[in-house]
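Only this structure's heavy atoms are used, side chains among them; waters, hydrogens and symmetry mates stay out.
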Amino acid sequence: KSVTSFDWSRTNNSIIALSSADGTCSVWDIDTNTKIREFFAHDSQVLDICFHPVMENIVVTVGADGSMRLFDLKSSLETCEVIYETTQPLFRVNWNNIDHNYLCSVPTESNE
């Protein structure tokens with residue numbers, strides 16, 4: 001698997017999440033070198049993944065399919081909430097550090 005991005009948990013310093021070019025994401029405990037979860041996130045490359053700043057079970061992903069998706073790691077990962085869609089691939093995503101109700105994503109190409 002080709003890793004496209006990763007993010008450290010902000011609530012547990014031994015947990016990281018990885019996004020991959022094959023459309024999957026995984027969550028690892030680096031202290032035990034154990035894969036905690038793996039899930040299919042997008043129909044194409046997952047370009048970025050980001051943990052919620054305070055809710056340890058929430059991650060958001062963006063992908064080459066132009067969607068931003070929210071996953072709850074404690075629930076069934078067969079479903080997710082698509083929170084934004086565009087026709088352009090979304091390259092990066094991050095939470096606002098002050099108001100955790102806001103996310104920002106950057107498309108791979110933009111004239112704006």
Participant: What distance separates Thr87 OG1 from Asp65 CG, expressed to the nearest 0.5 Å?
Facilitator: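 Answer rounded to 0.5 Å: 11.5 Å.
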
Participant: Out of curiosity, Cys50 SG to Trp8 CH2, how far, rounded to the nearest 0.5 Å?
Facilitator: 14.5 Å

Participant: Verify the neighbour count for atom CG of Asn13: are there more than 12 heavy atoms of other residues, nucleotides or ligands below 6.0 Å?
Facilitator: no

Participant: Got more than 12 heavy atoms from elsewhere within 6.0 Å of CG, Asp31?
Facilitator: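 Yes - once you tally the heavy atoms of other residues, nucleotides and ligands closer than 6.0 Å, there are more than 12.
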
Participant: Could you tell me whether the side chain of Ser67 reaches within less than 4.5 Å of the side chain of His42, counting heavy atoms only?
Facilitator: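 They are in contact (side-chain heavy atoms under 4.5 Å apart), so the answer is yes.
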
Participant: Let me confirm one number: the OG-CZ distance from Ser20 to Phe40, rounded to the nearest 0.5 Å.
Facilitator: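 Ser20 OG to Phe40 CZ: 11.5 Å, rounded to 0.5 Å.
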
Participant: If Ile, Leu, Val, Met, Phe, Trp and Tyr residues are connected whenever their side-chain heavy atoms lie under 4.5 Å apart, and connections chain through other members, are Val27 and Ile30 in the same group?
Facilitator: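 Each belongs to a different hydrophobic cluster.
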
Participant: Below 4.5 Å, heavy atoms only, C-beta onward: do Leu73 and Phe51 meet side chain to side chain?
Facilitator: yes

Participant: So do Arg69 and Glu81 actually touch side chain to side chain, heavy atoms under 4.5 Å?
Facilitator: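 A side-chain contact under 4.5 Å is absent here.
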
Participant: Could you tell me the separation between the OG atom of Ser19 and the CD atom of Gln45, rounded to the nearest 0.5 Å?
Facilitator: 9.5 Å

Participant: Could you grab the distance from atom OG1 of Thr34 to atom CD1 of Ile15, nearest 0.5 Å is fine?
Facilitator: 9.0 Å

Participant: Can you confirm whether Cys25 sits close enough to Thr61 that some side-chain heavy atom of one is under 4.5 Å from a side-chain heavy atom of the other?
Facilitator: yes

Participant: Can you tell me how far CG of Leu18 sits from NZ of Lys35, rounded to the nearest 0.5 angstrom?
Facilitator: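 Those atoms lie 9.5 Å apart.
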
Participant: Does one hydrophobic cluster hold both Ile36 and Phe39, with members joined at side-chain heavy-atom distances below 4.5 Å?
Facilitator: yes

Participant: Are Val46 and Val59 grouped together when hydrophobic residues (ILVMFWY) are joined by side-chain heavy atoms under 4.5 angstrom apart?
Facilitator: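 Per the 4.5 Å side-chain linkage, Val46 and Val59 are not co-clustered.
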
Participant: Judged by atom type as modelled, is there a donor-acceptor pair below 3.5 Å linking the side chain of Arg10 to the main-chain atoms of Glu56?
Facilitator: no

Participant: Are any side-chain N or O atoms of Arg92 and backbone N or O atoms of Pro107, one a donor and one an acceptor, separated by less than 3.5 Å?
Facilitator: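 It does not hold such a pair.
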
Participant: State, with a plain yes or no, whether a side-chain heavy atom of Cys104 is found less than 4.5 Å away from one of Asn94.
Facilitator: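 Result no, sub-4.5 Å side-chain heavy-atom pair not found.
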
Participant: For Trp28, give me all partners under ring-ring contact (aromatic ring centres under 6.0 Å, His included), at least two apart in sequence or on another chain.
Facilitator: none

Participant: Looking only at atom types and distance, does a side-chain atom of Ser9 sit under 3.5 Å from a main-chain N or O of Thr11, one as donor and one as acceptor?
Facilitator: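 Pair found, side chain donor or acceptor close to backbone of Thr11.
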
Participant: Who else is in the cluster with Leu70 when I, L, V, M, F, W and Y are joined by side-chain contacts under 4.5 Å?
Facilitator: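 Val54, Met55, Ile58, Val60, Val62, Met68, Ile83, Tyr84, Leu90, Val93, Trp95, Leu103, which link up through side-chain heavy atoms under 4.5 Å apart, make up the rest of the cluster.
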
Participant: Of the non-hydrogen atoms in Arg37 and Ser75, which two are nearest, and what is the gap between them?
Facilitator: NH2-O, 3.3 Å

